[in-house]
Amino acid sequence: MNASLSAKIVKEIRVDIDKCTGCRACEMACSAFHAIPRYSSVNPSKARIRVVSDELNDEYVPIRAGDYTPSECNGRHIYTIAGKQYSECSFCGASCPSRDYFVEPDSGLPLKCDMCECVPPLEEPMCVQVCGTDALTYVEREVERDAKRQPTRGEMEEGIESLVKKYGMQAVMKTLAQMSKGAKS
Amino acid sequence: MRYADTGFDLEIDLTRGSIEKVANDAKTSEMYLGGQGAAAKLLWDRVPPDTDPFSPDNLLIFSTGILHGTPVPSANRTCVNCFSPQTNLMSHSLFGGFFGPELKHAGYDKIILRGKAPDLVYLYIDNDKVEIRDATHLRGMGTAETGDVLKKELKDQKVQVAAIGLAGENRVYMASIDHNHASAARGVGVVMGDKRLKAIAVRGTKDVNLARPAELFDIALKMNRKIAESSGCGDWMAVDEDDSFHHNHFSWGNARVRRKNFWSKELQERWTRWKYDHMDRQTGCYNCPKKCRNVINWPGRKRFGYKCFGKDTYHMAAFLELDFTYEILGVAQEYGVDSYATPQVIAFALELLEAGILHESDFPGMPADTKGRFFHLLDKIVRREGIGDILADGVSRAAQRIGNGAEKYDHNTVKKFEQLPIKLGKLNPAFFLMIATGEKMSITQIEGSFPQDPLPTPGERQEFVNKWAAVPDEKFKKYFLEWEKRNDMPVQATCDIVEWNEAMHYIDDSTGICGFVSSFRGQFGGDIAYHMNNLPQILSAATGFEMSKDKLWKTAQRIRNLVRAINVRRGLRRKSERPPEDHWAIRNEEYEQGLLSKYYAFKGWNMDGIPTREKLESLDLGYVADDLEKREILKVEEKVSA
């Protein structure tokens with residue numbers, strides 16, 4: 001292996017929607033695992049995985065909670081797959097204002113899948129462990145990445161530009177100045 | 001703090017429109033668990049025995065099992081109870097799916113409905129927000145259609161809906177309550193319709209708390225794996241395409257004709273093609289790794305799902321093939337009718353026509369072909385039009401109304417309820433007792449723990465008992481080892497076996513666990529997930545109650561005897577405890593009555609099938625004995641008679 005390349009483990013939960021029975025054991029187990037203290041309660045509406053289901057459409061799609069986004073979708077695609085129509089929402093893991101998925105029901109705070117990271121680590125995330133039909137499977141995949149790679153100038157400019165756009169040039173300059181002072185002392 | 005239970009019931013008076021959230025008693029939960037046990041206590045306490053099932057005072061109770069909403073896999077069957085106008089006894093009904101767990105998460109153990117709404121309404125439960133809402137726009141809608149419309153209207157795909165169809169609205173006695181391709185049959189849909197309640201839509205986002213959560217979750221994970229991997233759990237009919245068992249051994253038409261060589265390899269291949277060419281997938285109920293429900297997308301019909309023997313009843317009643325069931329079953333489910341009783345009612349009507357007791361003039365506009373006739377009569381029944389109005393009361397009551405010899409064609413009912421179409425040669429003593437004394441009305445709700453058939457060699461029997469974890473007592477292993485002929489079993493063993501079979505159903509129907517991983521399934525292979533030896537720990541870890549095998553057994557007997565007392569108070573006596581006269585070809589009245597007497601004595605019941613004070617007191621049911629004595633149903637100081 002090239003010395004400048006290091007391996008990164010990418011954790012994936014693969015979903016086979018043809019195998020999903022819609023039982024929602026994944027929701028149950030996820031909510032119990034993330035209860036505080038662990039396993040102390042069960043509440044699928046707090047799960048970071050949801051089975052989007054529509055029995056008349058024969059639609060069963062487990063989706064995992066991804067990033068929070070404050071904005072609503074500007075129009076949603078409708079996909080036709082094997083003769084069945086799916087809303088884009090059926091595949092999207094965002095915690096967003098367009099729907100009540102992945103929002104803690106009491107506090108309204110967004111929920112996000114953490115692949116059940118804990119010490120000692122689980123062999124597989126809890127949702128995968130309880131999936132009786134292998135609709136959910138867990139895969140760890142190694143990807144190479146260049147450890148020494150530095151961001152290009154263009155990439156840095158892009159980042160700073162967006163900060164400037166949001167907070168104004170003066171605030172950014174001031175912060176940079178403060179940070180550089182902090183670094184010296 | 002309450003564990004596994006929420007500690008609250010929802011009390012709805014549909015006449016007054018009142019909604020109350022009422023705390024329930026932890027001690028009652030400990031004594032009767034949830035589900036049927038808890039509901040039986042309410043029916044005993046609150047519905048006087050002379051209450052007409054169509055009276056506003058009849059209660060309709062939806063109860064969660066005590067394990068609903070816990071991590072325990074396959075605990076998802078909601079129990080529905082009331083008094084049935086068909087039998088005038090306590091209706092006992094269950095449906096799988098997601099409703100019970102959702103209700104728990106909404107914060108309720110039960111929904112207790114009384115009164116009658118002035119017009120069609122539905123009940124909307126969204127955690128603490130509970131409303132009785134107008135449902136006149138849902139009138140006439142199918143059961144799944146109602147669920148779909150309500151989910152869209154409420155803008156929440158996660159709402160769980162239980163609804164009646166046209167049959168329930170029109171107070172058809174075979175009406176079911178349907179939810180997610182699952183049906184509650186046996187006398188509850190008609191009462192829901194009588195109360196003018198079209199549907200219940202429930203959504204819950206609250207925690208269910210557990211007494212010893214880490215321990216319970218660990219057990220649940222192991223159970224999940226056990227159930228997923230065991231071929232002794234779940235509905236084998238979902239995977240085994242050889243269904244010669246039902247077709248060659250059960251009766252066709254109005255439960256009369258055996259076709260012993262019906263099944264063939266060619267037929268099996270054809271039917272398998274029909275199934276897999278049109279099956280979208282198999283689905284499961286809440287938190288269960290099995291997939292017992294086949295979802296069929298038949299050309300020109302709405303998607304529907306079925307499990308188990310539900311796939312056979314329509315075409316067997318009509319002397320047709322599986323494609324006919326696939327054509328009609330989805331339609332019947334949208335109407336909301338029991339797929340066990342309804343085909344028999346239709347076959348009964350056609351038999352009366354053939355026999356000349358009913359005439360062509362009774363069936364105006366009926367097509368000439370069998371298919372057409374089934375669709376036509378189904379439609380008439382659910383609309384209560386013409387002859388359908390009489391047939392809608394079920395075989396037994398329809399036969400009485402029609403008269404003119406029709407009573408003889410009512411040959412397959414017990415306690416006025418349609419039985420499975422089983423007609424055999426030699427009497428089986430255990431099945432005689434189960435069918436005679438069962439109060440869950442269908443044999444599938446009574447049989448199930450002890451194998452149906454012996455194994456041929458001592459070696460095979462030994463191997464079976466070595467792996468048999470479910471036995472509550474070693475004596476059952478001995479019975480099995482010594483058992484050679486199907487219908488030949490000593491009386492004591494027969495009584496013990498019947499009691500065990502029944503007890504497991506009374507436990508499941510109160511915990512909410514599905515019979516396919518417990519009470520029903522042990523008879524086929526023995527390798528079930530839940531039984532007397534592991535349920536005490538599970539119940540204790542979930543609820544915090546101290547539980548032992550002895551205590552759980554006593555709980556099952558307590559519920560069973562309370563149900564018996566409820567029905568005794570409404571008139572159930574020995575004379576109605578008779579399997580169909582033609583269930584077996586060879587009968588012996590003297591032997592059968594002797595067996596029944598011995599079983600009554602074994603149960604601690606008097607010779608009229610009424611629990612004695614001594615028995616009732618031993619189960620902490622002294623208050624029941626007091627009441628039965630006050631009503632002079634029990635004589636004061638009556639002891640167990642031998």
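This structure is a prediction, so every number in the text was calculated from the model and none was measured. Just so we're on the same page: letters track the sequence lines, and every chain starts at 1.
Contacts between B/R203 and chain A at a heavy-atom distance below 4.5 Å involve the side chain alone, from C-beta outward. In this structure, chain A has a heavy atom under 4.5 Å from the side chain of B/E102, while its backbone stays farther away. Using a 4.5 Å cut-off between heavy atoms, B/F217 touches chain A through its side chain atoms alone. Of the atoms belonging to B/R293, not a single heavy atom falls under 4.5 Å from chain A. Looking at B/N297, neither its backbone nor its side chain comes within 4.5 Å of chain A, counting heavy atoms on both sides. The part of B/K151 that comes within reach of chain A is its side chain, from C-beta onward, which places non-hydrogen atoms under 4.5 angstrom from that chain. Only the side chain of A/R50 comes within contact range of chain B, with at least one heavy atom under 4.5 Å from a heavy atom of that chain. For B/F98, the part lying under 4.5 angstrom from a heavy atom of chain A is the side chain only. The parts of B/L210 that come within reach of chain A are both its backbone and its side chain, each placing non-hydrogen atoms under 4.5 angstrom from that chain.
Between the B/R281 side chain and the A/K19 main chain, no donor and acceptor come within less than 3.5 Å of each other.
Across A/S53, A/A29, A/S40, A/G22, the residue that shares the most heavy-atom pairs under 4.5 angstrom with chain B is A/S40. Annotation: maximal heavy-atom pairing with chain B below 4.5 Å, among A/D58, A/N57, A/V52, occurs at A/D58. Residue with the most contacts toward chain A among B/K104, B/H181, B/Q282, B/K302: B/H181 (heavy-atom pairs, distance under 4.5 Å).
Minimum heavy-atom separation, A/Q129 to B/N224: O-OD1, 4.1 Å. When all heavy atoms of A/A25 and B/N287 are compared, the closest pair comes out as CB-OD1, 3.4 Å. In terms of heavy-atom proximity, A/C23 sits nearest to B/C285 at CB-O, 3.2 Å. B/T283 approaches A/Y60 most closely through the heavy-atom pair CG2-OH, 3.6 Å.
Between B/K158 and A/E27, some side-chain heavy-atom pair lies under the 4.5 Å cut-off. Side-chain contact check for A/M28 versus B/Y286: some heavy-atom pair is nearer than 4.5 Å.
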